[in-house]
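One structure coming up, written as structure tokens, with questions to follow.
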Amino acid sequence: VSEASPLSAALSAPADHEACAACGAPLGASARYCLSCGTRRAGSPSTFLDALGDPPEARPVAVSPVSLPQPDEPRLWSLALTAVVLLALLVGLLAGHWLGERDQRGTATQVTRTEGSAAAPPTAAPAGLGTGATR
Amino acid sequence: VIDGAPTALAVRRREVARRVAALTFDLGGLTSEMAHAGQFRLDVLTARAVELREAEVELAELDRRLAAASPVV
């Protein structure tokens, strides 16, 4: 489609006697794939098998949790458990916040009472008490 | 690791997993070769990608059936 790169000559130039086994298109001298149909050249090594490591017969069959298209039962259970834990956490936070606020309100009332008897703020208290507090 | 999974399913899964690996390898190799040659054939790449996707879907289905047959402990 686009301009040919410097390597294109080596890859796409027809070889002397080699053609694609699937479509018959001419293959480049060093081409591993037919650029017309995408078929791997016959006899081209599949080096990915070496990268996989052990032969598949010796490897245990493992279930990939990534590509399951439908949510199965264990996943639903874990979701439900997570939701319950989050809900409990939220309730605990709200209860803690409410209790803390109540305690703070009680403490504030006490402080006000204490301050009211000893020293009230000058703006809110009568003039007599205000001067008494500054003493 | 699945213990006691149906043998036929496990064997089939191994075949499909190898096929997915081979198709992934080939799609990457083909794309690389097209890039080197400066000749991108999107129809060819798309056809290969569809083939790979179908194999991946089959692998996922086999995984699901194997997991349903013998849950992972």
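Keep in mind the model is a prediction, meaning the values are calculated, not measured. By convention in this document, chain letters (A, B, ...) are assigned in the order of the sequence lines, proteins followed by strands, and residues within each chain are numbered from 1.
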Legend entry - Connected via hydrophobic side-chain network under 4.5 Å: B:Leu52 and B:Phe40: yes
Inset, instruction - Please lay out, stage by stage, how A:Leu35 and B:Arg41 fare under the test side chain to side chain contact (heavy atoms under 4.5 Å, CB included). - result: CA-CA 7 Å; A:Leu35 296 183; B:Arg41 287 279 307 272; 5.6 Å; no
Inset, instruction - Indicate, with yes or no, if B:Met34 and B:Leu42 share a hydrophobic cluster defined by side-chain heavy-atom contacts under 4.5 Å among Ile, Leu, Val, Met, Phe, Trp and Tyr. - result: yes
Inset, instruction - Indicate if A:Leu86 and A:Trp77 have the same hydrophobic cluster label, given that clusters are the connected sets of ILVMFWY residues with side-chain heavy-atom separations under 4.5 angstrom. - result: no
Inset, instruction - Provide the closest heavy-atom pair for A:Arg32 versus B:Glu33 in the form atom of the first, atom of the second, distance. - result: N-OE2, 2.7 Å
Legend entry - B:Leu30 backbone acceptor or donor facing A:Arg40 side chain under 3.5 Å: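 No, A:Arg40 side chain to B:Leu30 backbone: no donor-acceptor pair under 3.5 Å.
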Inset, instruction - Any chance you could measure B:Gln39, atom CD, to A:Ser36, atom OG, to the nearest 0.5 Å? - result: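 It comes to 8.0 Å.
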